[in-house]
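As structure tokens, the structure follows; a few thoughts come after it.
Order of the sequence lines sets the chain letters (A, B, ...), proteins ahead of strands, with each chain counted from 1.
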Number of protein chains: 2
Amino acid sequence: MVKQVASIVDVAKLAGVSIASASRVLSGSSYPVSEETRQKVLKAAQELNYVPNSLARSLRAQRSNLIAVLVGDNADPYFAEIVRGVEDVANDCGYLTIVCNSDRKKEKELNYLRILQDYRADGVIFAGGALNEPGYPAQLEKAIKSMLDRGAAVVTLAQHTLQVPSIQADNFAGARAMTQYLQQLGHRRIGFVSGPTNVTVANVRLQGYMAAMVEAGLQIDPGLILSGNFDQASGEMAAQAILQIPPEQRPTAVFAANDETAFGLLSGLGRLKIRVPQEISVCGFGDLPMAQMVVPALTTVHIGLRELGRAGARKLLAMLHREEVPPLEVMPTHVVPRDTTTSPSVASSALKMVDTP
Amino acid sequence: MVKQVASIVDVAKLAGVSIASASRVLSGSSYPVSEETRQKVLKAAQELNYVPNSLARSLRAQRSNLIAVLVGDNADPYFAEIVRGVEDVANDCGYLTIVCNSDRKKEKELNYLRILQDYRADGVIFAGGALNEPGYPAQLEKAIKSMLDRGAAVVTLAQHTLQVPSIQADNFAGARAMTQYLQQLGHRRIGFVSGPTNVTVANVRLQGYMAAMVEAGLQIDPGLILSGNFDQASGEMAAQAILQIPPEQRPTAVFAANDETAFGLLSGLGRLKIRVPQEISVCGFGDLPMAQMVVPALTTVHIGLRELGRAGARKLLAMLHREEVPPLEVMPTHVVPRDTTTSPSVASSALKMVDTP
DNA sequence: ATGAAAGCGCTAACAA
DNA sequence: TTGTTAGCGCTTTCAT
């Protein structure tokens, strides 16, 4: 049996006051109300178990207090952390968080944007980068334009085709710093397992690696740049590929463009009986929670993913409050040395001596 | 500059028809409308870039097409998978998914429930079990009652104090099967690292383990039941504890109440230079995605978490459609043998022979 | 087949 | 300080 919920009219009636007075009390308006009236209203509301109808309030106020976070897949730990950060801030500020999985498919993303427009979502956070499908930038631009026209706010947490305020991890500096860390450990032949070529952050990380190599006066060996796909499988394949390289040309360290690839590298090398870090050092990028759980614990570049989500949400809310926000903010990243990296082994060092006498 | 969005009134005006006709076309009503009128409306809507206002529609329809999934922490891979499953089904059926992190705090959970009531959420899915705080059952019961009164649907995905339809993984059978699997491998001294005592599923898993031990005619050695907390740290501590046990009484296999604890066990044992599975077998419960990524890959009990989320959402939607649903459904679980388990080593076997001549 | 109008629950402008 | 009322955008009787 469905019982009707009490509305503000019922409360006003029971309290013996006007609807307006009831509203003024119940909505927390600053409009003056006599203490007596206030008490009567509160008592009636309590008695009727009154709950305000946010739908009606939103319709009236032209703002929904709903924000959305658009991710490739919320079960991917990278996005999971961001979503958590967003939700934290949203919850604190009285917003509800809608999670939207696009699977990096244009259709799903655009469909969600349409629905969010229908619901008058106050803001949208793009956690991932731009998609690489034909017609994407233009269609997205159009969808976003109508949201902005409506007064909604949009923020991205990665490089994007969208010209909206953004906050991003410093992928370039992070990759460069990690490469330098490996160099300081004594590595010269440093491999890199790239990410998908159509994902911008993957390319930026590759650039950081290359910059550090060039700066250290080391030649970039195309044979040491393996193509990956940001997933574990591509890490395993990279491990196989490394085994194919003649021992004297083999890298003494491999830097994966993200943690998942590094995990694949770890399991692939383990299967091939190549010990990490004794025979080869491995590192990743991202510092997912499980990076410290695997054995040996993964050396990686730390991104404060949860903090990125929080900062993104804060930025969005600031925009909703019509505050000025910088168009681009960069979050620092840093190397976290753990157990998968060490100085190159004696054998390798000996070889290295031969290489660079 | 904020531009106003076209409403149905604008569309009707431009099309030169009544609001009612416009609504009938735009809302996909089955009410008959002449083809000519239909085209005029469609054209006008197109021209004005009309998007329906779901808030208004929901207010009118008394249903929001919003569902919520209540989790401890969406960044916990266990919950992340469930949320993904829920979102999949919700999205397919035209619902939006709100993610609510409770951190297993009564206050946060109840607060969310209140807000969800405000928004007239059509349904709520409790992904985790009941919380263990004073007054929780009664307060929750009250909050849920008013949701149900309103016609909302509620489903739980774990054992709960709430008397609402539920769908759950078969934790007992899974734990029993895993224990039997270890026994078949030849293990006799099987340890168990428990979960938090106030979490029901943790206890159920322990029961499954104990049942299998008893059924196999093996005595339950309280010294082999280590207390854990469902987190990695407790797994590491359990590893320490195991080392304290005199070698001849030490378990040849350890079954952790969940995967995270098993990961902790793995890293703890690794640090103590105890090889897995050669010296000790380890297994977990849950089959998180990373269970197959760690080296060696974790033997564990598989729960279709994403499928659990999907099934939960389907059940919720069925209830919203006023269909009859079974009060309790059980999802099968099964053992996934991987690389952390093997037959007890010769040394241990020899000892075992001494134990049971 | 079409249109006028009531009303979902709320807030704010205006009147008293 | 309080009350009356218009209207947010939509759907759905109820007339026509």
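- Residue-level contact check: A/Ser34 touches the backbone only, with heavy atoms under 4.0 Å from sugar-phosphate atoms and none from bases.
- Distances were taken from every side-chain heavy atom of B/Ile8 (C-beta onward) to each of D/dT11, C/dT11, D/dT1; the shortest belongs to D/dT11.
- When the side-chain nitrogen and oxygen atoms of B/Gln62 are compared with OP1 and OP2 of D/dT11, none of them lie within a distance under 4.0 Å.
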List every contact pair, protein side and nucleotides 5-7 of chain C side both N or O, where the distance is under 3.5 Å.
unit_1, atom_1, unit_2, atom_2, d
C/dG7, N2, B/Arg60, NH1, 3.2

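- Rounded to whole Å, atom P of D/dT11 lies 8 Å from atom CG of B/Leu26.
- A straight line from OH of B/Tyr119 to P of C/dC10 spans 13 Å, rounded to a whole angstrom.
- Without hydrogens or angle criteria, A/Asp73 side chain to A/Ala75 main chain gives a donor-acceptor distance under 3.5 Å.
- Under 4.0 angstrom from either OP1 or OP2 of C/dG3 there lies at least one side-chain N or O belonging to B/Ser21.
- Rounded to whole Å, the distance from CZ on B/Arg63 to P on C/dG9 is 16 Å.
- B/Ser29 comes within contact range of no nucleotide atom at all, as no heavy-atom separation falls under 4.0 Å.
- Going from atom NZ of B/Lys40 over to atom C1' of C/dG3 covers 13 Å, rounded to whole Å.
- When the P atom of D/dT11 is taken as reference, atom CG of B/Leu59 falls 12 Å away, rounded to whole Å.
- Checked by atom type and distance alone, the side chain of A/Ser64 pairs as donor or acceptor with a backbone atom of A/Arg120 at under 3.5 Å.
- Inter-residue side-chain proximity for B/Val5 and A/Ser146 is flagged as unmet; no heavy-atom pair is nearer than 4.5 Å.
- Residue pairs that meet the ring pair (Phe, Tyr, Trp, His ring centres under 6.0 Å) test with at least one member in residues 65-124 of chain A, sequence neighbours left out, do not exist here.
- Atom CZ in B/Arg57 sits roughly 18 Å away from atom P in C/dG9 (whole-Å rounding).
- B/Ser21 and B/Thr37 get closest at one heavy-atom pair: CB-CG2, 4.1 Å.
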What pairs of donor and acceptor atoms, side-chain ones from residues 43-53 of chain B against any protein atom, are under 3.5 angstrom apart with sequence neighbours left out?
unit_1, atom_1, unit_2, atom_2, d
B/Asn53, OD1, B/Leu55, N, 2.8
B/Asn53, OD1, B/Ala56, N, 3.1

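- Here B/Asp76 does not pair with B/Arg104 in a salt bridge; the nearest charged N to carboxylate O distance is not below 4.0 Å.
- Within a 6.0 Å sphere centred on NZ of B/Lys13, other residues, nucleotides and ligands contribute 12 heavy atoms or fewer.
- Taking atom CG on B/Asn53 and atom P on D/dG7, their separation rounds to 18 Å, with Å as the unit.
- Dashed line: the shortest gap from a side-chain N or O of A/Ser58 to OP1 or OP2 of D/dC8 is not under 4.0 Å.
- The backbone N or O of A/Ser54 sits less than 3.5 Å from a side-chain atom of A/Ser58, completing a donor-acceptor pair.
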Please write out each protein N/O paired with an N/O of nucleotides 14-16 of chain C under 3.5 Å, distance rounded to 0.1 Å.
none

Report all side-chain donor-acceptor pairs from residues 304-315 of chain B shorter than 3.5 Å, counting only partners two or more places apart or in another chain.
unit_1, atom_1, unit_2, atom_2, d
B/Arg306, NE, B/Glu81, OE1, 3.0
B/Arg306, NH2, B/Glu81, OE1, 3.4
B/Arg306, NH2, B/Glu81, OE2, 3.4
B/Glu307, OE2, B/Arg314, NH2, 2.6
B/Arg310, NH1, B/Asp88, OD2, 2.9
B/Lys315, NZ, B/Ser166, O, 3.1
B/Lys315, NZ, B/Pro326, O, 2.8
B/Lys315, NZ, B/Glu329, OE2, 2.7

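- Within the 4.5 Å cutoff, side-chain heavy atoms of A/Ser27 are placed close to those of A/Arg57.
- Nucleic acid contact for A/Ser23: base, since at least one base atom lies under 4.0 Å from a heavy atom of the residue.
- Each of B/Gly16 and B/Arg120 has a nearest nucleotide on DNA chain C; the 5'-most of these lies closest to B/Gly16.
- Rounded to whole Å, atom C1' of D/dT4 lies 15 Å from atom NZ of A/Lys13.
- With axes fitted over five pairs at each extremity, the angle between the ends of the helix from C/dA1-D/dT16 to C/dA16-D/dT1 is 50° (10° resolution).
- Between B/Phe126 and B/His160, the ring planes lie perpendicular to each other; the angle is over 60°, past the 30° to 60° tilted range.
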